[in-house]
Peer 1: 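For reference, the structure I am asking about is given below.
Below, chain A is the first sequence line, B the second, and so on; all start at residue 1.
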2 protein chains.
Amino acid sequence: MARPPSVRDDDLSDRLAEVFREAGYEGASLGALSEAAGLRRASLYHRFPDGKVQMAEAVLERVERLFAHALQPMREDPDVRAGITRSARLIDGLYGGGLLSCVMDSMTLGGVPETVRQRAAEIAESWISTMADAARRGGRSRSAARTSAEDAFALVEGGLVHGRLFGDSGPFQRALTRLPDLLLG
Amino acid sequence: MARPPSVRDDDLSDRLAEVFREAGYEGASLGALSEAAGLRRASLYHRFPDGKVQMAEAVLERVERLFAHALQPMREDPDVRAGITRSARLIDGLYGGGLLSCVMDSMTLGGVPETVRQRAAEIAESWISTMADAARRGGRSRSAARTSAEDAFALVEGGLVHGRLFGDSGPFQRALTRLPDLLLG
DNA sequence: GTCTATATTTGGATAGAC
DNA sequence: GTCTATCCAAATATAGAC
């Protein structure tokens, strides 16, 4: 039995995520990742033999799980509107009230490995699909459900851009508050 | 009289802008900038003695001017709704129909020099203010004008994130089409 | 003003001891 | 599993010829 890791996998992913989120993929240097993780560079390579790409993928896997959990009410609550509202609160938590950048934004600029880009796009698509399904269950037409879900995604993501630029989460908060109406019409 | 530059200032800024927009500040390497400019690294340093930071600032100055021009109808047209519609078309052009990233997004991640961050924020603030002024002239209350302008900004920026993620400019296009209604209520 | 050549630093990645 | 030490490549920046 080998020595137990000094940082649990989920904790490690969370710490790395913070760096990738703030700095983007290319801006996230191994030095910064190492410092945030509380591990030396070589130790990071022990945990992630494929290096930075693998760290980014682990981060996105973690984000995917966190999102899946936050979206559970929207997916399962028989009261569609209540489910959307509950998920909105959880999403608010994921983004620190709207002052944290989104990895689907910061990790998808040019120069990012295709596997990483794709992973991020999958998470976004899953989020949008879930919102569209909820809108559909709420009685909207297939096409209206889809477009309103896409627009809601844009409003939330843009709200985060605004939050990063001005340190003001107003637009993000309004987007989440209005989420039920945006989706259900 | 020295030798005339092989690339005009505005052209040069445009070419550099393309790299910064796609790759972000940290991802924009001097090699990529040099290639896009059609100039050797050393020649770039002749034009921008302070290096990459100065290049980024020049790009943002250029973006500021382009935006000022695109927003002119919204600022000046006595028919407020018509002015918003005309500016929306010009903004559409600036973003290549919604498939180009926004420098206010890609150049404001962590690790970006403060002067650059600030410049980007100023452009965004100027854009939002202009939209708020138009909404105000269109008869909305001061606070409703401001929040609708912020929300419109978020919707457009988020539309660009969606465009980059999926190569689908739908949300961006809808945001611009709905811009008059978003601002005027 | 642009170029070739080079200096300097930083970043990603590996080897091997404990 | 984590560490120190090191390698190698890439990136920023400069010197000096044309």
Peer 1: Nearest 0.5 Å, what's the CG-NE2 distance between A/Asp151 and B/His162?
Peer 2: 8.5 Å

Peer 1: Among the candidates C/dG12, D/dC3, C/dT2, find the nucleotide nearest to the side-chain atoms of A/Lys52.
Peer 2: C/dG12

Peer 1: Any side-chain N or O of A/Tyr45 below 4.0 angstrom from OP1/OP2 of C/dT14?
Peer 2: no

Peer 1: Measure from the side-chain heavy atoms of A/Ser29 and tell me the nearest of C/dA13, C/dG11, D/dC3.
Peer 2: C/dG11

Peer 1: OP1 or OP2 of C/dC3 versus the side-chain N and O atoms of B/Ser43: is any pair under 4.0 Å?
Peer 2: yes

Peer 1: Select one nucleotide: of D/dG1, D/dC3, C/dG12, the one nearest the side-chain heavy atoms of A/Ala42.
Peer 2: D/dC3

Peer 1: More than 12 heavy atoms of other residues, nucleotides or ligands under 6.0 Å from CZ of B/Arg65: is that the case?
Peer 2: no

Peer 1: Starting from P on D/dA10, measure out to CG on B/Leu30 and report it in whole angstrom.
Peer 2: 15 Å

Peer 1: Categorize A/Ala28 for me: base, sugar-phosphate, or nothing, with a 4.0 angstrom heavy-atom threshold over every strand shown.
Peer 2: sugar-phosphate

Peer 1: Choose from D/dA11, D/dC3, D/dT14 the nucleotide whose nearest atom is closest to any side-chain atom of A/Arg40.
Peer 2: D/dC3

Peer 1: To the nearest 0.5 Å, how far apart are CZ in B/Arg21 and SG in B/Cys102?
Peer 2: 9.5 Å

Peer 1: Is a salt bridge present between A/Arg146 and A/Glu125, judged by a nitrogen-to-oxygen distance below 4.0 Å?
Peer 2: yes

Peer 1: Roughly, in whole Å, what's the span from CD in B/Gln54 to C1' in D/dA13?
Peer 2: 13 Å

Peer 1: Once you round it to whole Å, what is the distance between P of C/dT10 and CD of A/Glu35?
Peer 2: 15 Å

Peer 1: Is A/Arg47 salt-bridged to A/Asp9, going by a charged N under 4.0 Å from an acidic O?
Peer 2: yes

Peer 1: Taking only the side-chain heavy atoms of B/Arg41 (C-beta and beyond), determine which of C/dG1, D/dA13, D/dT2 contains the nearest atom.
Peer 2: D/dA13

Peer 1: Write down the distance between CZ (A/Phe48) and C1' (C/dG12), rounded to a whole number of angstrom.
Peer 2: 15 Å

Peer 1: Looking only at side-chain atoms of B/Arg3, point me to the closest of C/dG1, C/dG12, D/dT2.
Peer 2: C/dG1

Peer 1: Under 4.0 Å between a side-chain N/O of A/Ser6 and OP1 or OP2 of D/dT2, yes or no?
Peer 2: yes

Peer 1: Which nucleotide in the list D/dT12, C/dG1, D/dC3 gets nearest to the side chain of B/Arg47?
Peer 2: C/dG1

Peer 1: Rounded off to whole Å, could you give me the CD-to-P distance for the B/Glu26 and C/dT10 pair?
Peer 2: 14 Å

Peer 1: Can you list, by residue number, the residues of residues 7-22 of chain A that have a non-hydrogen atom closer than 4.0 angstrom to DNA chain C?
Peer 2: none

Peer 1: Quickly work out the A/Leu39 CG to D/dT2 P distance and round it to whole Å.
Peer 2: 5 Å

Peer 1: Quick check for you: to the nearest 0.5 Å, what is the distance between B/Ser106 atom OG and B/Arg164 atom CZ?
Peer 2: 7.0 Å

Peer 1: For B/Asp133, is there an ion pair with B/Arg75 - N to carboxylate O distance below 4.0 angstrom?
Peer 2: no

Peer 1: So, A/Glu18 and A/Arg15, do they make that salt bridge, N to O below 4.0 Å?
Peer 2: no

Peer 1: Quick one: is A/His46 getting a side-chain N or O under 4.0 Å of the D/dG1 phosphate, OP1 or OP2?
Peer 2: yes

Peer 1: Looking across every strand, which nucleic acid part, if any, lies under 4.0 Å from B/Ala37 by heavy atom: base, sugar-phosphate, or nothing?
Peer 2: nothing

